[in-house]
Amino acid sequence: MDRAENRWVSLREICEERRVVTEEQTGKQVGKTAYFASMKAMIEGAMQFADFFQKIHEKGQVYASSCSDKFFFDLMTGDFRFEGEKLLGEEGEITPDYETLEFTEFLAPELVCAALEKQHDKEEERYTLETDWYFMSVFLFEYFFHTGSPFEGKKMVNRCFLSPEEKELYRAKEGHFCMEPEEGNMPVKGIQDKLIKYWEEYPDYLKKMFRRAFLEGGTLRELRPTEVDWKQLFVRMAMDYKECSCGFHGFSFHLVSQSNGTCVCPKCGKIYYPLTNGMDRILLAQGEKLYECQTGRNPFDKDTVTGLVVENRQKKGLYGIKNISKGIWRGGYPDGKIREIPSGQGIPIWHGMQLRFETGEEWNLRLVTSAEKREDEENEQTDCGTEY
């Protein structure tokens, strides 16, 4: 096994944060940690994982297993590969083999109940899109939080004496999501400190998705997040993660909010200006990039750069957004005029700016500033050119 191959780990190893690699010089197998090299790589891996399910679902196939050793990720890049083609089947056509079925937390509740309570009627439950959605949610929970199960809280810790079958049946019928305070199954300090720590590092919209998966989607199968739901969320995470030149890395909620509506880097004080469409926002700051999923027509393309926040060539200290896409943008300027912004040109960043990207959706920047200061800024931005 060469050095590059040592970068590939299974989903099970990522969940457990441990892997076994073969040393090149000695040929010995040694234990290593299994961490992604960056948050970018981790999000990329999750994106490709969800994309895999979208592709097989479009073919009418499902993953007829709960095995985690067939999904592999490159720890440096997040690249994904699947090695379990034999475990794929036609949606709704395959019934679990209840005699050999492995009971794990990845198995949808309806399959667990069918296996342990209704073995006389094996045709009742089959592998479906809904069982895949549940499977994906559990795997992704462990992927990000590295815990034993999304139901492994106080109530489950107190039932450590149950057999594996009894444990899974309890989860399927009585299990409660461990990160919902009202359910009384929160993680136990001193035992599940890792989960408690990781939970605080991620944005609320990721937590909300898992609550949907395990609170609403546990019994109401149609409410479980789909592969497209997850892909949309991972694009949002990728756009939301900030890597400041000072060394700060983190999601935008770690930035310090200011009274005028801007955010600043907690380490160096770099200012981020919020451009919003009413639901989402793009944080603008020196050196920041805009991507196709934000400005173009492909909502899942988080890699193609379409805009740059750069300094105006005519007036130092003034910044704008330079269009480097193939499309034409339209922007509102302080003088009240709407101008086209073709590729290679830009629009100044100013309080009150309006911007329409290729799709025509309007984005605005609104700050809380005094009228006098606002007028001075508008006059300064009106006088600057479009060269960025």
Side-chain angles (χ1 to χ4, degrees), residues 8-15 34 36 38-85 87-89 91 104-108 127-147 150 198 202-214 216-218 221-241 251 280 291-294 298-304:
W8 286 86
V9 299
S10 70
L11 184 53
R12 176 185 58 80
E13 291 171 316
I14 290 175
C15 294
F36 282 102
S38 65
M39 181 57 68
K40 179 180 179 180
M42 190 172 191
I43 295 173
E44 176 62 25
M47 183 74 171
Q48 292 192 25
F49 178 72
D51 188 62
F52 162 78
F53 279 93
Q54 182 178 10
K55 289 177 179 177
I56 67 170
H57 290 169
E58 289 173 349
K59 298 177 183 178
Q61 294 179 305
V62 292
Y63 186 57
S65 175
S66 62
C67 175
S68 58
D69 291 328
K70 304 302 180 182
F71 304 92
F72 291 86
F73 300 85
D74 186 321
L75 293 177
M76 295 299 296
T77 65
D79 287 338
F80 168 88
R81 72 180 187 224
F82 176 64
E83 298 183 355
E85 295 292 337
L87 298 178
L88 298 180
E91 197 272 332
T104 70
E105 65 272 20
F106 310 118
L107 201 60
Y127 290 107
T128 64
L129 294 178
E130 289 84 0
T131 62
D132 265 4
W133 295 341
Y134 186 86
F135 170 91
M136 290 172 56
S137 295
V138 177
F139 266 127
L140 288 169
F141 185 84
E142 296 201 15
Y143 180 93
F144 284 105
F145 300 110
H146 313 285
T147 182
Y198 284 137
Y202 289 98
D204 285 340
Y205 51 83
L206 177 64
K207 302 173 186 178
K208 183 178 180 180
M209 185 72 90
F210 283 118
R211 289 191 176 100
R212 170 184 165 186
F214 304 124
E216 302 169 6
R221 309 178 197 184
E222 66 276 11
L223 296 182
R224 294 170 185 171
T226 69
E227 60 277 8
V228 176
D229 292 332
W230 284 114
K231 286 179 65 175
Q232 291 172 338
L233 183 139
F234 297 141
V235 168
R236 183 177 179 182
M237 287 180 68
M239 298 300 99
D240 191 39
Y241 194 75
F251 292 100
D280 299 316
Y291 295 86
E292 173 71 16
C293 60
Q294 297 172 311
N298 185 346
F300 296 121
D301 186 349
K302 58 182 178 50
D303 300 310
T304 302

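Quick caveat: nothing in here was measured; it's all calculated off a predicted structure. For reference, positions follow the sequence shown, starting with 1. The figures that follow rest on heavy atoms only: side chains count, while hydrogens, waters and symmetry mates do not.
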Inset, instruction - For residues Tyr127 and Leu88, determine if any side-chain heavy atom of one lies less than 4.5 Å from a side-chain heavy atom of the other. - result: no
Inset, instruction - Determine the minimum heavy-atom distance between Arg224 and Ala108, stating which atoms define it. - result: NH1-CB, 4.2 Å
Legend entry - Distance in Å, Arg211 CZ paired with Glu216 CD, rounded so as to fall on 0.5 Å steps: 11.0 Å
Legend entry - Atom pair CD (Gln232) and CE (Met47), whose distance is rounded to the nearest 0.5 Å: 9.0 Å
Inset, instruction - Could you tell me which residues satisfy side chain to side chain contact (heavy atoms under 4.5 Å, CB included) with Arg12, sequence neighbours excluded, listed by chain and number? - result: Ser10, Glu16, Ser68, Asp69
Inset, instruction - Inspect the surroundings of NZ in Lys207 and state if more than 12 heavy atoms from other residues, nucleotides or ligands are less than 6.0 Å away. - result: yes
Inset, instruction - List in chain and number order the residues that pass side chain to side chain contact (heavy atoms under 4.5 Å, CB included) with Asp301, two or more places apart in sequence or in another chain; answer none if no residue qualifies. - result: Glu292, Asn298, Asp303, Thr304
Legend entry - Inter-residue atom distance Glu44.CD - Met237.CE, 0.5 Å rounding: 12.5 Å
Inset, instruction - Could you walk me through whether Phe53 and Phe135 pass side chain to side chain contact (heavy atoms under 4.5 Å, CB included), step by step? - result: CA-CA 11 Å; Phe53 279 93; Phe135 170 91; 3.5 Å; yes
Inset, instruction - Please identify each residue that fulfils side chain to side chain contact (heavy atoms under 4.5 Å, CB included) with Lys40, with sequence neighbours left out. - result: Ser38
Inset, instruction - Please list, chain by chain and in numerical order, all residues satisfying salt bridge (charged side-chain N to carboxylate O under 4.0 Å, His left out) with Arg221, sequence neighbours excluded. - result: Glu110, Glu125
Inset, instruction - For Trp8 and Arg81, work out which heavy atoms get closest and say how close. - result: CD2-NH1, 3.4 Å
Inset, instruction - Check ring-ring contact (aromatic ring centres under 6.0 Å, His included) between Phe36 and all other residues, then give those that pass, not counting sequence neighbours. - result: Tyr143
Legend entry - Partners meeting side-chain hydrogen bond (donor to acceptor under 3.5 Å, both in side chains) with Lys55 (sequence neighbours left out): Asp51
Legend entry - From Glu142 atom CD to Leu11 atom CG, the distance as rounded to the nearest 0.5 Å: 8.0 Å
Inset, instruction - Could you list the residues that satisfy side-chain hydrogen bond (donor to acceptor under 3.5 Å, both in side chains) with Asp132, not counting sequence neighbours? - result: His57
Legend entry - Contacts of Gln294 that satisfy side-chain hydrogen bond (donor to acceptor under 3.5 Å, both in side chains) - sequence neighbours left out: none
Legend entry - Side chains of Phe80 and Phe72 in contact at under 4.5 Å (non-hydrogen atoms): no
Legend entry - For the student: nearest non-hydrogen atoms of Asp79 and Gln48, plus distance: OD1-NE2, 3.3 Å
Inset, instruction - Applying ring-ring contact (aromatic ring centres under 6.0 Å, His included), name anything that partners Tyr205, two or more places apart in sequence or on another chain. - result: none
Inset, instruction - Could you check if a side-chain atom of Arg212 sits within less than 4.5 angstrom of a side-chain atom of Asp229, using non-hydrogen atoms only? - result: yes
Legend entry - Phe73 and Phe49 aromatic ring geometry - parallel, tilted or perpendicular at 30°/60° bounds: tilted
Legend entry - Heavy-atom side-chain contact between Thr131 and Val62 under 4.5 Å: no
Legend entry - Interatomic distance, Glu227 atom CD to Leu129 atom CG [nearest 0.5 angstrom]: 7.0 Å
Inset, instruction - Could you tell me which non-hydrogen atom of Pro299 sits nearest to which non-hydrogen atom of Cys293, and how far apart they are? - result: O-CB, 3.4 Å
Legend entry - Validation row: Phe145, Phe210 side chains within 4.5 angstrom (heavy atoms): yes
Inset, instruction - Report the distance from atom CG of Leu87 to atom CD of Gln61, rounding to the nearest 0.5 Å. - result: 11.5 Å
Legend entry - Phe141 and Phe214 aromatic ring geometry - parallel, tilted or perpendicular at 30°/60° bounds: perpendicular
Inset, instruction - With ring-ring contact (aromatic ring centres under 6.0 Å, His included) as the test, would you mind laying out the steps for Tyr198 and Tyr202 before giving the verdict? - result: CA-CA 7 Å; Tyr198 284 137; Tyr202 289 98; 7.3 Å; no
Inset, instruction - Determine the minimum heavy-atom distance between Pro225 and Ser137, stating which atoms define it. - result: CD-OG, 4.1 Å
Inset, instruction - Considering non-hydrogen atoms only, spot the tightest contact between Leu75 and Ala41 and give its length. - result: O-CB, 4.1 Å
Legend entry - Main-chain N/O of Cys67 paired with Tyr63 side-chain donor or acceptor, under 3.5 Å: yes
Legend entry - Phe144 and Phe234 aromatic ring geometry - parallel, tilted or perpendicular at 30°/60° bounds: tilted
Legend entry - Qualifying residues under ring-ring contact (aromatic ring centres under 6.0 Å, His included), relative to Tyr241, sequence neighbours excluded: Phe251
Inset, instruction - For Ser66, enumerate each residue passing the side chain to side chain contact (heavy atoms under 4.5 Å, CB included) test, keeping only those at least two apart in sequence or located in another chain. - result: Thr104, Phe106, Leu107
Legend entry - Residues which pass ring-ring contact (aromatic ring centres under 6.0 Å, His included) with Tyr134, listed by chain and number, not counting sequence neighbours: none
Inset, instruction - Applying side chain to side chain contact (heavy atoms under 4.5 Å, CB included), run through Phe300 and Val228 and close with a yes or a no. - result: CA-CA 10 Å; Phe300 296 121; Val228 176; 4.0 Å; yes
